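Here the structure comes first, spelled out in structure tokens, and everything after it is commentary.
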Amino acid sequence: MQWLELKIDTTPTGLTPVSDLVESMGITGLVIEDEGDFHDFLEHNHQYWDYVDDELMEAKRGVCRIIFYVSADEEGMDTVAKVRV
């Protein structure tokens, strides 16, 4: 089966309402990328590294994103249409 990866960018305060909306459409298994969680992880895990690449820091700057997958068929395309509205 083929899958489509969908990403919705939002603000930190929008993560919960948008993820709740997506889940209300029957989509589960969400991946949440939150810039705050990334910085918190870095802050509390210094023992694992001594350097964080500037490109990684830039890539995560301002990122609050919800990622999920739908099947690449008619049903999945219907879900994409609902999410876009």
Side-chain angles (χ1 to χ4, degrees):
M1 175 178 273
Q2 293 187 349
W3 297 92
L4 300 173
E5 180 182 74
L6 302 171
K7 298 177 182 180
I8 300 174
D9 291 342
T10 186
T11 63
T13 57
L15 283 172
T16 298
V18 173
S19 62
D20 288 348
L21 177 66
V22 170
E23 287 180 336
S24 75
M25 295 178 183
I27 300 168
T28 59
L30 304 178
V31 176
I32 308 248
E33 293 182 353
D34 183 354
E35 180 184 23
D37 290 344
F38 175 69
H39 288 290
D40 185 57
F41 178 80
L42 292 179
E43 185 65 32
H44 293 95
N45 292 284
H46 287 288
Q47 69 270 25
Y48 299 115
W49 57 77
D50 59 358
Y51 173 77
V52 178
D53 187 73
D54 289 338
E55 288 181 33
L56 176 61
M57 294 296 289
E58 187 60 34
K60 296 295 184 181
R61 186 180 322 268
V63 173
C64 289
R65 180 176 294 145
I66 298 167
I67 303 170
F68 58 95
Y69 297 86
V70 296
S71 57
D73 57 15
E74 187 174 328
E75 183 179 334
M77 295 310 288
D78 288 342
T79 301
V80 171
K82 290 176 187 173
V83 169
R84 285 186 148 180
V85 174

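As the structure is a computational prediction, the values presented were derived from the model and not from experiment.
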Review point. What closest approach, in Å, do Gly76 and Val70 show between heavy atoms, and which atom pair accounts for it?
Key: O-CG2, 3.9 Å
Review point. Does CE in Met25 sit with more than 12 non-hydrogen atoms of other residues, nucleotides or ligands closer than 6.0 Å?
Key: yes
Review point. If two hydrophobic side chains count as joined below 4.5 Å and joins carry through other members, does Leu4 share a cluster with Val31?
Key: no
Exercise for review: Locate the shortest heavy-atom distance separating Ile66 from Leu15; write the atom from each residue and the value.
Suggested key: CD1-O, 3.6 Å
Point to revise | Beyond-backbone contact of Glu33 with Phe38, side-chain heavy atoms, under 4.5 angstrom | key: no
Check your understanding: Closest approach of Ser71 and Asp73, non-hydrogen atoms and distance?
Key -> OG-OD1, 2.7 Å
Study note, to complete from the structure: Looking only at heavy atoms, the pair that brings Phe41 and Asn45 closest together is O-ND2, 2.7 Å
Practice item. Enumerate the residue pairs fulfilling side-chain hydrogen bond (donor to acceptor under 3.5 Å, both in side chains) with a member in residues 15-28, sequence neighbours excluded, ordered by first and then second residue. Key: none
Check your understanding: With a 4.5 Å limit on heavy-atom distance, are the side chains of Arg61 and His39 in contact?
Key -> no
Practice item. Answer yes if Val18 and Tyr69 sit in the same cluster of Ile, Leu, Val, Met, Phe, Trp and Tyr residues linked by side chain heavy atoms under 4.5 Å apart, and no otherwise. Key: no
Check your understanding: Is it true that Val22 and Ile67 fall in one hydrophobic cluster, defined by side-chain heavy atoms closer than 4.5 Å?
Key -> no
**Study point:** Interatomic distance, Leu6 atom CG to Arg65 atom CZ [nearest 0.5 angstrom]
**Key:** 12.5 Å
Point to revise | Main-chain N/O of Gly36 paired to Asp40 side chain as donor or acceptor, under 3.5 Å | key: no
Practice item. Check the surroundings of atom CD in Glu55: do more than 12 heavy atoms from other residues, nucleotides or ligands lie under 6.0 Å from it? Key: no
Review point. Atom CZ in Phe68, atom NZ in Lys7: separation rounded to 0.5 Å?
Key: 12.0 Å
Check your understanding: Going by heavy atoms in the side chains, are Val83 and Ile27 under 4.5 Å from each other?
Key -> yes
